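A short write-up of the structure that comes next.
Model, not experiment: these values are computed from the prediction. Along the sequence shown, residues carry numbers from 1.
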Amino acid sequence: MNHSEKIAPVAAAATALATLACCLPVGIAAAAATASLAAVVAGYRVWFLIASALLLVVGLVQLSRAQRQCSTRKRGSIAILAVSAAIVVLVAVFPQVIAAMVAAWLP
């Protein structure tokens, strides 16, 4: 067996450990920052929901104005508005279920 054939797996393992040692503190810091941001934003949840509802109403008004000015509406615009409204309603009604689904979906 050649000398380089013995060193290559050890070097690969050392490289993997060095990569983990480098990235692990970043992951811990990101998790801590996310948790602290969530704690701060939780107090403003109602205001964010009100702002989302108002923005949906603005989108609906703009969509109805576009229909009056043009004879056709874009299906994509209607679909985006409907999906946005569904997301806002689901987050408002089932916040813990949506949070669990997002947490399970993210790695």
Side-chain angles (χ1 to χ4, degrees):
M1 185 176 259
N2 194 358
H3 186 63
S4 62
E5 291 176 2
K6 293 178 184 177
I7 294 176
V10 174
T15 303
L17 288 175
T19 302
L20 287 176
C22 174
C23 295
L24 189 60
V26 174
I28 292 172
T34 303
S36 63
L37 180 65
V40 171
V41 172
Y44 299 107
R45 181 177 177 266
V46 174
W47 291 105
F48 285 129
L49 286 174
I50 291 171
S52 297
L54 288 175
L55 289 172
L56 284 173
V57 168
V58 168
L60 188 64
V61 168
Q62 287 181 345
L63 194 63
S64 67
R65 277 191 185 169
Q67 181 186 7
R68 280 187 256 150
Q69 291 176 355
C70 303
S71 61
T72 60
R73 286 190 283 185
K74 302 267 184 182
R75 289 184 193 173
S77 299
I78 296 170
I80 290 172
L81 186 65
V83 168
S84 299
I87 289 172
V88 169
V89 168
L90 287 174
V91 168
V93 177
F94 304 112
Q96 293 298 328
V97 175
I98 300 299
M101 288 173 53
V102 169
W105 179 65
L106 293 175

Considering all heavy atoms, the nearest Leu49-Val88 contact: CD2-O, 4.5 Å
Answer yes if Ile87 and Ile80 sit in the same cluster of Ile, Leu, Val, Met, Phe, Trp and Tyr residues linked by side chain heavy atoms under 4.5 Å apart, and no otherwise. no
If you look at every heavy atom in Leu56 and Ala85, which pair is closest and at what distance? CD1-CA, 3.6 Å
Could you list the donor-acceptor pairs under 3.5 angstrom formed between side-chain atoms of residues 39-48 and any protein atom two or more places apart in sequence or on another chain?
{"from": "Arg45", "atom 1": "NH2", "to": "Val91", "atom 2": "O", "distance (Å)": "3.3"}

Ile78 side, atom CD1; Leu81 side, atom CG - distance, nearest 0.5 Å: 8.5 Å
For Leu55, what residues pass the side chain to side chain contact (heavy atoms under 4.5 Å, CB included) criterion, not counting sequence neighbours? none
Val89: which residues meet the side chain to side chain contact (heavy atoms under 4.5 Å, CB included) condition with it, sequence neighbours left out? Val93
When you group the ILVMFWY residues by side-chain heavy-atom contacts below 4.5 Å and let the links chain together, are Val57 and Val83 in the same group? no
